[in-house]
Visitor: 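Structure in structure tokens, see below.
Order of the sequence lines fixes the chain letters, A, B, ..., with proteins taken first and strands second; residue numbering starts at 1 for each chain. Just so it is clear, the values below take in all heavy atoms, side chains as well, and ignore hydrogens, waters and symmetry mates.
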Amino acid sequence: MNHPLHITNSLSRQKEQFIPLNSPFVGLYVCGPTVYGEAHLGHARPYITFDVLTRYMQHLGYKVRYVRNITDVGHLENDADEGEDKIAKKARLEQLEPMEIVELYTNSFHDSMRALNNMPPGIEPRASGHIIEQIAMVNQIIANGYAYESNGSVYFDVINYSKSNDYGKLSGRIIEDLIAGAGSERRELEGQEEKRNPADFALWKKASPEHIMRWPSPWSDGFPGWHIECSAMSMKYLGETFDIHGGGMDLLFPHHESEIAQSKGSCGKAPVKYWMHNNMITINGQKMGKSLGNFITLRELFTGEHKLLTQSYSPMTIRFFIMQAHYRSTLDFSNEGLQAAEKGMNKLLAAAALTSKLKPSTTSTSDVKGVRENAYAALNDDLNTAIAISHLFEGVRIINSVYAGTEQLTADDIAHLTETMNLFAYQLLGLKDEIEASGDELDGVMQLLLSLRADAKSKKDFATSDRIRDELIKLNFTIKDEKDGTIWTKS
RNA sequence: GGUCGCGUGGCCGAGCGGUUAGGCAGAGGUCUGCAAAACCUUGUACAGCAGUUCGAAUCUGCUCGCGACCUCCA
């Protein structure tokens, strides 16, 4: 492949050529959702980003094992609710079993992912199904001297670990600051007094009596710490060292930093070669997040049922909107931005569909090979989907011009361009047509109406012909009169 | 307070020292009975100040503004 893929590695903060540890196999782990609520727009970003990455790597010939977890064991919530388990708390509110909540939101998450046309990961392990592996890992870390038990809980000993390891390398933290409890507004966290040092983090937490989600362990009835699940499950399915670990930038610290420490603390090896982090989606310039309460769920976007939405947006519009920005930039939500994405995407897909109607010429007036080369170059340059799309619009221009007769393409070039559009728009960027497929019956009815309209037009009876068109428009049909007939589509 | 990042034309959003990003919207034109679509043309952009350079939106410094992480968060 003469198009080497480069990706930004958070470890080095630089673009690096992607070279798999064990080509052609690629191990990819992406932090999945905590299933205690509906997935929102912010969740769509990493999963679309890494879906495109997976699609592209597969296209390049790699055998990708894509692992994405479901976090269904509760984590501490240190807000006004005083450290209740998020899932347990929600369960009590709704009078449901914790696992019912987990199931509900897991299914909902899957529905949204499917709607966005994200391919399912190859393995989607649940944290609750890997308690044994997590306990084993904690045991190993204790045995290696990097963790200690305290009152039924187990904490990672950051100080001791740092003597021979560089805790903070990924996130740029300075260990002394963490030890000092830096941050003038650092909150008083529950269980702080159990730690030897403020920088230490939990590997296992003893459950308080009201804590519903709990599992037996050598130390207490409790639950695993927040970071250990990803370490245990990535190691189980991808090995001690694998290629790419992805997730949102907000997970960089402490989550991913701690994952590195846990893996090195247990097996002595750094777990990941390339760390990739997508930036946040913002709303009014501020991060969209659960805790801020400023999120719009994917379901709300699909239905338009949210006070900030002026209309509904289809899953593909969301996908296109996200891909029109580079994954490492923040992306600001707005109705205007979404509407622009919707129109642009429809234009792109309409042109892609038009390729089958192009008539070949003996010469070409545009460089169709450049479109493909540029699109490849964009994806190779840190998965720059925004640039790739901009080049596809050059393809759109060519297609429409050829169709309009102002440009010409040879049969070979038409085939080349068609293949490019299909490859990038559908296969790699993962777009799909959302226009309802029409049955033969509907098409028959439409042809009848359009022929009546054509008759009226030929008699200059424009009142009748416009009436037919206007009424159809009200029913969300689009009618286009072209040189050799009338085309209709249903939106 | 510490670490990191951002500030681009009406809106969104690329950009990594010199060449048109692109989309949406706007204006004009072609086509059309009209419309829709498409095509062509088009606009005042790089927060501010100073510096480096033949040349800076792109590098350096300062100023202003915004944000992320440091606590659960994609």
Visitor: C1' atom, B/G55 versus B/C69: distance in rounded Å?
Guide: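 Straight-line distance between the two C1' atoms is 38 Å.
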Visitor: What's the closest nucleotide to the side chain of A/Asp466 if the choices are B/A37, B/C34, B/C24?
Guide: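 Nucleotide nearest to A/Asp466's side chain: B/C34.
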Visitor: Which nucleotide in the set B/C70, B/G33, B/A74 lies at the smallest distance from any side-chain heavy atom of A/Arg173?
Guide: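 The closest nucleotide is B/C70.
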Visitor: Just checking A/Arg469: base, sugar-phosphate only, or nothing, at a heavy-atom cut-off of under 4.0 Å?
Guide: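 If one applies the 4.0 Å heavy-atom cut-off, A/Arg469 turns out to touch a base.
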Visitor: Using the rule for Phe, Tyr, His and the six-membered ring of Trp, do A/Phe462 and B/G33 stack at under 5.5 Å and under 30°?
Guide: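 A/Phe462 vs B/G33: stacking yes.
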Visitor: Under 4.0 Å, heavy atoms only, any strand: does A/Gln286 hit a base, just the sugar-phosphate, or nothing?
Guide: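 Counting heavy atoms under 4.0 Å across all strands, the contact made by A/Gln286 is with sugar-phosphate only.
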Visitor: Using the P atom in both, what is the distance from B/U44 to B/U32, to the nearest Å?
Guide: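 Approximately 33 Å lies between the P atom of B/U44 and that of B/U32.
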Visitor: As a test of reading the structure: which of B/C24, B/C69, B/G22 is closest to the side chain of A/Ser390, going by heavy atoms?
Guide: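 Nearest to the side-chain atoms of A/Ser390, counting from C-beta on, is B/G22.
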Visitor: Taking the same atom, C1', in B/U30 and in B/A36, what whole-Å distance lies between them?
Guide: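 Rounded to whole Å, the distance is 15 Å.
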Visitor: Check each residue of residues 312-328 of chain A for a non-hydrogen atom within less than 4.0 Å of any atom in RNA chain B, then write out the ones that pass by number, or none.
Guide: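 Contacts with RNA chain B under 4.0 Å: A/Gln324, A/Ala325, A/His326.
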Visitor: Between B/G23, B/G33, B/G67, which one does the side chain of A/Arg453 approach most closely?
Guide: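 Given the options B/G23, B/G33, B/G67, the side chain of A/Arg453 is closest to B/G33.
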Visitor: Between B/C24 and B/A37, how many Å separate the two P atoms, rounded to a whole number?
Guide: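 Here B/C24 and B/A37 have their P atoms 11 Å from each other.
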Visitor: Say you pick atom P in B/A56 and the same atom in B/U19; how far apart are they, in whole Å?
Guide: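 Here B/A56 and B/U19 have their P atoms 11 Å from each other.
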Visitor: I want to check something: taking the side chain as every heavy atom from C-beta on, are A/Phe477 and A/Ile473 in contact at a cut-off of under 4.5 Å?
Guide: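 No; the side chains remain at least 4.5 Å from each other.
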Visitor: Is there a side-chain polar atom (N or O) of A/Lys460 under 4.0 Å from OP1 or OP2 of B/C34?
Guide: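 Answer is no, no contact under 4.0 Å.
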Visitor: Heavy atoms only: give me the nearest A/Met316-A/Glu434 pair and the separation to one decimal.
Guide: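 Scanning both residues, the minimum pair turns out to be N-OE2, 3.0 Å.
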Visitor: A/Glu259 versus A/Trp275: any side-chain heavy-atom pair under 4.5 Å?
Guide: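 Yes, close enough: below the 4.5 Å cut-off.
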Visitor: How are the rings of A/Tyr56 and A/Tyr376 set to each other: parallel, tilted or perpendicular (split at 30° and 60°)?
Guide: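 Plane angle between 30° and 60°, so tilted.
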Visitor: Give a yes-or-no answer on whether the side chains of A/Thr71 and A/Glu229 include a donor-acceptor pair shorter than 3.5 Å.
Guide: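 Yes, side-chain donor-acceptor contact under 3.5 Å.
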Visitor: Can you label the angle between the A/Tyr167 ring and the A/Tyr161 ring as parallel, tilted or perpendicular, going by 30° and 60°?
Guide: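 A/Tyr167 vs A/Tyr161 ring planes: perpendicular.
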Visitor: With no angle test and no hydrogens, is the base of B/C72 tied to the side chain of A/Ser291 by a donor-acceptor pair under 3.5 Å?
Guide: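 Side chain to base: pair found, below 3.5 Å.
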Visitor: Considering only atom C1', compute the distance from B/G13 to B/G22 and round it to an integer number of Å.
Guide: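 That atom pair is separated by 8 Å.
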Visitor: Which stems, defined as runs of 3 or more consecutive Watson-Crick or G-U wobble pairs with both pairing distances under 3.5 Å, involve RNA chain B?
Guide: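 The stems are B:1-7 with B:64-70, B:10-12 with B:22-24, B:26-30 with B:38-42, B:47-51 with B:59-63.
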Visitor: Of the listed nucleotides (B/G23, B/A74, B/C69), which one gets closest to any side-chain atom of A/Met280?
Guide: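 Nearest to the side chain of A/Met280 among the choices is B/A74.
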Visitor: Among the candidates B/C40, B/G15, B/G13, find the nucleotide nearest to the side-chain atoms of A/Asn384.
Guide: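 Shortest atom-to-atom distance from the side chain points to B/G15.
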Visitor: With no hydrogens and no angle check, do the side chains of A/His256 and A/His277 hold a donor and an acceptor under 3.5 Å apart?
Guide: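 Yes, side-chain donor-acceptor contact under 3.5 Å.
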Visitor: Under 3.5 Å, is there a donor on one side chain and an acceptor on the other for A/Ser364 and A/Asp413?
Guide: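 Looking only at side-chain atoms, A/Asp413 and A/Ser364 do form a donor-acceptor pair, the distance falling under 3.5 Å.
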Visitor: Under 4.0 Å between any heavy atoms, over every strand shown, what does A/Ile281 touch: base, sugar-phosphate, or nothing? Just pick one.
Guide: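 Base contact.
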Visitor: Using the P atoms only, state how far B/G61 lies from B/G5, rounded to an integer number of Å.
Guide: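 It works out to 12 Å between them.
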Visitor: Can you tell which of B/G13, B/G22, B/C24 lies closest to the side chain of A/Asp332?
Guide: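 Output: B/G13.
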Visitor: Strictly by modelled atom types, are A/His40 and A/Thr297 linked by a side-chain donor-acceptor pair under 3.5 Å?
Guide: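 No pair is found: no donor N or O on one side chain lies under 3.5 Å from an acceptor on the other.
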Visitor: So which nucleotide from B/C69, B/A36, B/C40 ends up closest to the side chain of A/Arg397?
Guide: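 Out of B/C69, B/A36, B/C40, the nucleotide with an atom closest to A/Arg397's side chain is B/C40.
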Visitor: Students often get this wrong, so: under 4.0 angstrom with heavy atoms, is A/Thr282 touching a base, only sugar-phosphate, or nothing?
Guide: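 No contact.
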Visitor: Could you tell me whether the side chain of A/Asp481 has a donor or acceptor atom within less than 3.5 Å of a complementary atom in the base of B/C34?
Guide: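 Such a pair is found, so the answer is yes.
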Visitor: From C-beta outward on A/Lys457, which listed nucleotide comes closest to its side chain: B/C69, B/C34, B/A36?
Guide: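 Between B/C69, B/C34, B/A36, the one nearest the side chain of A/Lys457 would be B/C34.
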Visitor: Of all the nucleotides listed (B/G33, B/C16, B/G67), which has the minimum atom distance to the side chain of A/Lys15?
Guide: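 Of the options given, the side chain of A/Lys15 lies nearest B/C16.
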Visitor: Do A/Lys195's NZ or CZ and the ring of A/Phe156 fall within the cation-pi criteria of under 6.0 Å and 45°?
Guide: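 No cation-pi geometry.
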Visitor: Without hydrogens or angle criteria, can the side chains of A/Asp72 and A/Tyr36 be said to hold a donor-acceptor pair below 3.5 Å?
Guide: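 Per modelled atom types, A/Asp72 and A/Tyr36 side chains form no pair under 3.5 Å.
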Visitor: Give me the ring orientation class for A/Tyr29 and A/His245: parallel if the planes are under 30° apart, tilted from 30 to 60°, perpendicular past 60°.
Guide: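 Ring orientation of A/Tyr29 relative to A/His245: tilted.
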Visitor: In residues 42-49 of chain A, which residues come under 4.0 Å of RNA chain B by heavy atom?
Guide: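 Contacts with RNA chain B under 4.0 Å: A/Gly42, A/His43, A/Pro46, A/Tyr47.
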Visitor: Sticking with atom C1', work out how far B/C16 lies from B/A27, rounded to a whole angstrom.
Guide: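 That atom pair is separated by 34 Å.
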Visitor: Using distance alone, with no hydrogens and no angle criterion, decide if A/Asn279 and A/Arg45 have a side-chain donor and acceptor under 3.5 Å apart.
Guide: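 No - no donor-acceptor pair under 3.5 Å links their side chains.
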